[in-house]
2 protein chains.
Amino acid sequence: MHPLRKHIEELINLTDEEFDMVLSHFEPIKKRKHQYLVQEGELVDKEFWVLKGCLKSYFVDDEGKEHILQFGMENWWITDYESFVKQTPSKISIDCIEDSELLYITFENREKLTAQMHKMERFWAKKSKYGRIALQNRILSLLKNSAKERYDVLLEQYPQLFQRVPKKLIAAYLGVSRETLSRLSL
Amino acid sequence: MHPLRKHIEELINLTDEEFDMVLSHFEPIKKRKHQYLVQEGELVDKEFWVLKGCLKSYFVDDEGKEHILQFGMENWWITDYESFVKQTPSKISIDCIEDSELLYITFENREKLTAQMHKMERFWAKKSKYGRIALQNRILSLLKNSAKERYDVLLEQYPQLFQRVPKKLIAAYLGVSRETLSRLSL
DNA sequence: CATTTTTTGTGACCTACATCACATTAAATC
DNA sequence: GATTTAATGTGATGTAGGTCACAAAAAATG
């Protein structure tokens with residue numbers, strides 16, 4: 001089964017014809033490590049689904065410090081949702097941490113697809129709900145947990161991440177300096 | 001026009017009949033200051049819309065410190081989305097900061113309503129998308145901004161809040177102690 | 001495989017913010 | 001309107017985590 005189909009069918013069921021229809025709205029794209037998918041300031045009209053690889057969506061502040069909003073690995077969706085939904089210039093950038101293969105759907109195609117296939121509208125609605133819950137929990141974690149506790153939570157939730165990305169990126173995601181992260185008695 | 005209708009029509013259009021249908025799925029509820037709407041540990045099967053008043057959704061950590069996830073004022077929706085969507089016990093509580101009048105819709109009624117009225121499904125989908133964007137921006141703010149900067153952003157975004165809720169709650173929302181908040185040269 | 005670049009660890013020192021304690025003022029509440 | 005309760009400000013002091021600097025190890029790259 002196509003990995004995208006497998007992914008979608010975790011939330012809704014599709015017939016062969018329906019999945020073909022879905023897939024026809026996507027385009028494949030390959031990028032190498034260090035290449036970008038989205039750059040700050042541009043209008044993002046695509047949502048990406050990761051077939052293979054690893055990416056980061058991040059923001060660089062005026063002191064040059066990088067803050068990571070989200071990682072993306074196999075089966076994850078990644079884009080700047082603010083730019084994608086509101087059609088405003090992106091505040092964030094998305095880069096490949098590894099060579100990556102993605103499928104993307106444009107804003108326009110997503111509108112078309114959801115209009116003609118109510119199931120997919122429900123799929124993305126569910127994704128959006130779950131995404132919101134994850135963000136809510138991250139906020140709670142930033143408010144209530146120490147750096148060490150946040151590290152432990154992340155390690156428990158996404159152990160694969162620690163095999164694949166440098167610690168300084170983990171630090172930029174958790175909101176600590178890499179020196180402090182290195183000193184947390186792990 | 002009914003304030004709920006006015007609120008909904010900011011995102012989608014409704015006929016009189018449609019709004020009557022929507023409204024028939026809600027129930028009113030009144031609560032006084034200090035009373036709760038949701039308590040940690042219970043299953044939340046309602047989503048509340050604030051007609052009048054002010055509320056907080058919050059979490060108390062093991063050291064007894066309160067962390068505020070969200071405030072709710074007129075025209076805001078409030079619930080524990082994690083419990084509401086996943087139907088799991090709530091990690092957070094919701095209390096009234098002022099005497100409040102709300103309309104609520106149960107999980108079941110929301111399912112019914114969205115099933116028979118596609119427009120409302122789209123309404124909530126939009127709300128969910130915008131909610132996610134707001135949370136994303138709050139995470140960025142927690143990662144990149146100092147206490148003072150976060151205070152300034154909040155003040156600019158929701159000046160009304162500062163007239164209505166005690167500073168210690170603002171502090172609990174921003175993730176600083178009330179003493180530090182008091183010392184930020186405002 | 002040699003060289004450049006990136007990652008990681010660790011010491012020394014610094015700072016934003018927390019905690020504790022107490023006083024003052026303002027709001028609730030009977 | 002007297003009394004309890006909550007809100008706010010401010011000093012003194014503590015600490016988690018930041019910053020700067022350097023070295024070693026590991027990866028990436030030509």
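Proteins come first, then strands; the chains are lettered A, B, ... in the order of their sequence lines, and each starts at number 1.
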Report task. May I ask you to decide if the ring planes of A/His2 and A/Trp49 are parallel, tilted or perpendicular, using 30° and 60° as cut-offs? Result -> tilted
**Report entry** Parallel, tilted or perpendicular: rings of B/Phe107 and B/Phe84 (30°, 60°)
**Finding:** perpendicular
Query raised in the report: Is the NZ or CZ atom of B/Lys126 positioned over B/Phe123's six-membered ring, under 6.0 angstrom from the centre and within 45° of the axis?
Result: no
Query - Axis-to-axis angle between the two ends of the helix from C/dC1-D/dG30 to C/dC30-D/dG1 (five base pairs per end, rounded to 10 degrees) - result: 70°
Report task. Give me the first and last nucleotide of DNA chain D, going 5' to 3', that has any atom under 4.0 Å from a heavy atom of chain B. Result -> D/dA7 to D/dA12
Query raised in the report: Is B/Tyr173 linked to A/Ile139 within one hydrophobic cluster, defined over Ile, Leu, Val, Met, Phe, Trp and Tyr using a side-chain heavy-atom separation of less than 4.5 Å?
Result: no
Query raised in the report: Nearest 0.5 Å, what's the CG-CH2 distance between B/Leu11 and B/Trp124?
Result: 12.0 Å
Taking the side chain as every heavy atom from C-beta outward, state whether [X] and [Y] have any atom pair closer than 4.5 Å.
X	Y	answer
B/Leu23	B/Leu103	yes
B/Leu4	B/Phe19	yes
A/Glu18	A/Met117	yes

**Report entry** Under 3.5 Å donor-acceptor, A/Thr79 side chain and A/Tyr81 backbone
**Finding:** no
Requested in this report: Kindly check if the number of other-residue, nucleotide or ligand heavy atoms within 6.0 Å of NZ (A/Lys168) is above 12?
Outcome: no
Query - Most 5' of A/His34 and A/Arg178 on DNA chain C, judged by nearest nucleotide - result: A/His34
Query - Nucleotide interval of DNA chain C bounded by contacts with chain B (heavy-atom cut-off, under 4.0 Å) - result: C/dC17 to C/dA28
Report summary line: By nearest-heavy-atom nucleotide on DNA chain D, the more 5' of B/Lys168 and A/Lys33 is B/Lys168
